[in-house]
Student: 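First the structure, then my questions, so here it is.
Labels below follow one simple rule: chain letters A, B, ... track the order of the sequence lines, proteins then strands, and each chain is numbered from 1. Keep in mind the model is a prediction, meaning the values are calculated, not measured.
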Protein chains: 2
Amino acid sequence: MKKRILISDIAKSLGVSVTTVSFILNGKAKEKRISEGLTKRVLDYVKKVGYKPNQLAQSLRTGQSKILGLIVEDISNPFFSNVAKYIERIAYDNGYHIIYCSMDNDVTKAKELIQLFYDRQVDGYIITPPEGLEETVANLIKNNVPVVLFDRYIPNLETNYVVLDNFNGAFTATKHLLENPSNKRVGFVSLFSNQTQMRDRLEGYMKAIDDFQQQAYIKKIKIDEDEASSIEQLHEFIASNKLDAVLFATNYLAIHGLKAIKEYKMKLPHMVAYDDHTLFSLYEPGISVVTQDTATIANELIHTLLNEIKGKNKELQKITIPSELLVRGSSVISEEALEQTS
Amino acid sequence: MKKRILISDIAKSLGVSVTTVSFILNGKAKEKRISEGLTKRVLDYVKKVGYKPNQLAQSLRTGQSKILGLIVEDISNPFFSNVAKYIERIAYDNGYHIIYCSMDNDVTKAKELIQLFYDRQVDGYIITPPEGLEETVANLIKNNVPVVLFDRYIPNLETNYVVLDNFNGAFTATKHLLENPSNKRVGFVSLFSNQTQMRDRLEGYMKAIDDFQQQAYIKKIKIDEDEASSIEQLHEFIASNKLDAVLFATNYLAIHGLKAIKEYKMKLPHMVAYDDHTLFSLYEPGISVVTQDTATIANELIHTLLNEIKGKNKELQKITIPSELLVRGSSVISEEALEQTS
DNA sequence: AAATCAATTTAAACCCTTTTAGCAAATTAT
DNA sequence: ATAATTTGCTAAAAGGGTTTAAATTGATTT
């Protein structure tokens, strides 16, 4: 923690030039034909005094900041904070840092953040794009800035992305609900949003509904609706349609749903939420979810980005990760439900 | 997004020197007695072309990175991610960026992170110190690095910190539980940890127990215990002592407790958790919590740190934020509980 | 008219690396 | 024995700003 030691100090102490030390430190000893003896001597000394290059100077010179920008919808959503946690870890293991931000589905904020990151010369971006960010992202791509989209992609824009198999996730979930003979009326709660993940989840729901030749009950909530109003609307939706089951397109919509149920003492025998949450595993009755391995997602994201930065991606990576339906509490719950109704 | 414009470009275009532009941009026009006319001309032009100084070059020269390091216990814990979200926002509004990390209560990792941040020349630190970090933090202080501790502090070390009134929080919570005449046996679940927040919560619990002249039931869990074992131990603790109520010292311990209750179909009529969680508000019966305004905490933290950086703190800031007992569901629940038991 | 002074502006040093271009000595080829 | 390479290393420029120390200009004094 004492006074910072510089590369010139090393050079002086060893009686060699700064250039030589730099070459050796950057693994160019062979290439620059520096003798093995000297290489070892420098390396040993550097290790002994614990010299570390000044990142800022290094970045200024190389144009590489070794910082990655992560722009997620909302870091306080456990889905995103879990992914962030893994990304952070892998990035660090690869010598990168993460600067992260929540954009709260606000295009203006997202644009500002990207500009800010750009000014900071981050080496790459992982972005969950809100609607309206198409042009900004297109611009980044055009300028050869490494970008990976996440959770949703931008149609008609050729980018790397890592998303979930939303269609099959929603399809399987809806099918699961419909297969229960007591569920005649199965609804779907989503957002007013044309983002791909929402579109695909809707399509998955519709496919299942059509397969079972049932009526569709679809409710969309405004993306920036305040919680109280959202709860109010969900109450109305569930109660007036006398729904037996609902598929919620996001975890917080499902939470609003639960709050509505609690507040208005409604019955909603079955539901499936999108993206898991501690709450869902402990709630009685247990709440089934469409889930996915956040570690896998983080892995794909960060590796895609790092490869892009290193120019190792021969072609665009369009990765779809299968999602899984985690059925909860059916046995326990049906017992308990029976007990309670009896 | 096009090619970056430099300060030298500005100077050339305007036919003045780089120095002059720099002075004006850094608000030293008056001090350096640069004429108002020129000042305005430069400022207008800079705005017109949208010039922004290269942060790296700036940092390299001034030694200020405008980056703050935030080291929390676990970013996926909603308490921390909420505080982080606010901190992030305020920092940005003040022209600072946040680099954050979870240290997972691992001293080695925390030390590495601090070293890493130090190498990156962050301008200040917000740290939730794990046990064993005393010396490292002391070292930072000794080197005049701006530091604010958070959630817990280090006894005998003179630092800025922002913590909660853990003693009163735990005391009030325990008192609340004891005041219910049906609660004879009130336990406390905490961690094997000498961190101040845990120590104070224990003392608050003990004070209430002593005031009511009751027996104490205290269970500590290893700080890095795996979830399954933690659940197992909590089951044993609650069941064998036939506890009527439990105060949990952290939100995840309370979650483990709930899992134990669910898994082993136990009864635990009342509980209070430390740090709120969506789960606790929706669980049936609603779970009371000791909570606090994360916005206030974040505000105090970031402003203390920024003032420290600017040298505006005349003295050390030792801030204790009052915590609040949020009693949940007592009325509704007792009704429902009655219904179920009847 | 020369000297002094204040008001402006600027050249150059500095922050710390990386990297280009090149030099001197040792080898090899002719 | 000399020219052509190769080997081993380095001086200096570059990267993009900030800041010190000094130069320039015009006005005022002597």
Student: CG of A:Asp74 to CZ of A:Phe80: how many Å apart, nearest 0.5 Å?
Tutor: 7.5 Å
Student: Only counting residues at least two apart or in another chain, list the ones meeting side chain to side chain contact (heavy atoms under 4.5 Å, CB included) with A:Ala138.
Tutor: A:Leu157
Student: Between B:Tyr51 and A:Gly15, which has a closest nucleotide on DNA chain D that is more 5'?
Tutor: A:Gly15
Student: Salt bridge or not for A:Glu73 and A:Arg152, using N-O below 4.0 Å?
Tutor: yes
Student: Mind checking which nucleotides bracket the chain A contacts on DNA chain C, 5' to 3', with an atom under 4.0 Å from a heavy atom?
Tutor: C:dC16 to C:dT20
Student: Do we get A:Arg4 above B:Tyr118's six-membered ring, with its NZ or CZ under 6.0 Å from the centre and within 45° of the axis?
Tutor: yes
Student: Could you pull out all residues at least two apart from B:His303 that satisfy side chain to side chain contact (heavy atoms under 4.5 Å, CB included)?
Tutor: B:Ile90, B:Asn299
Student: Go through the steps to decide whether B:Asp44 and B:Lys40 satisfy the test salt bridge (charged side-chain N to carboxylate O under 4.0 Å, His left out), and finish with yes or no.
Tutor: CA-CA 6 Å; B:Asp44 286 352; B:Lys40 186 168 179 327; 2.6 Å; yes
Student: Near DNA chain D, which residues from residues 17-24 of chain A have a heavy atom under 4.0 Å away?
Tutor: A:Ser17, A:Thr19, A:Thr20, A:Phe23
Student: Between B:Asn160 and B:Glu308, does a side-chain hydrogen bond (donor to acceptor under 3.5 Å, both in side chains) hold up when you go through it step by step?
Tutor: CA-CA 9 Å; B:Asn160 299 293; B:Glu308 186 73 23; 3.1 Å; yes
Student: With sequence neighbours excluded, tell me which residues meet side chain to side chain contact (heavy atoms under 4.5 Å, CB included) with A:Glu131.
Tutor: A:Ser193, A:Asn194, A:Gln195
Student: Please find the earliest and latest nucleotides of DNA chain D, in the 5' to 3' direction, that have an atom within less than 4.0 Å of any heavy atom of chain A.
Tutor: D:dT7 to D:dG16
Student: Under the rule for ring pair (Phe, Tyr, Trp, His ring centres under 6.0 Å), what residues qualify as partners of B:Phe79, not counting sequence neighbours?
Tutor: none
Student: For A:Gln121, give me all partners under side-chain hydrogen bond (donor to acceptor under 3.5 Å, both in side chains), at least two apart in sequence or on another chain.
Tutor: B:Asn54
Student: Let me know, please, whether B:Val16 or A:Thr62 comes out on the 5' side of the other along DNA chain C by nearest nucleotide.
Tutor: B:Val16
Student: If an axis is fit to five pairs at each end of the helix from C:dA1-D:dT30 to C:dT30-D:dA1, what is the angle between the two, to the nearest 10°?
Tutor: 70°
Student: Short of 4.0 Å, heavy atom to strand atom, which residues of residues 29-45 of chain A count as contacting DNA chain D?
Tutor: A:Lys32, A:Arg33, A:Ile34, A:Ser35, A:Leu38
Student: More than 12 heavy atoms of other residues, nucleotides or ligands under 6.0 Å from NZ of B:Lys109: yes or no?
Tutor: yes
Student: When we call it a touch if two heavy atoms are under 4.0 Å apart, what does A:Leu60 touch: a base, just sugar-phosphate, or nothing?
Tutor: base
Student: Would you say the side chain of B:Glu88 lies within less than 4.5 Å of the side chain of A:Cys101, judging by non-hydrogen atoms?
Tutor: yes
Student: Got a sec, which residues hit side chain to side chain contact (heavy atoms under 4.5 Å, CB included) with B:Glu158, two or more places apart in sequence or on another chain?
Tutor: B:Leu316, B:Lys318
Student: Using the side-chain hydrogen bond (donor to acceptor under 3.5 Å, both in side chains) criterion, which residues pair with A:Asn26? Sequence neighbours excluded.
Tutor: A:Ser22
Student: Show, in sequence, the C-alpha distance, side-chain angles and deciding distance for B:Ser102 and B:Asp104, and conclude whether the side-chain hydrogen bond (donor to acceptor under 3.5 Å, both in side chains) test is met.
Tutor: CA-CA 6 Å; B:Ser102 309; B:Asp104 298 324; 4.9 Å; no
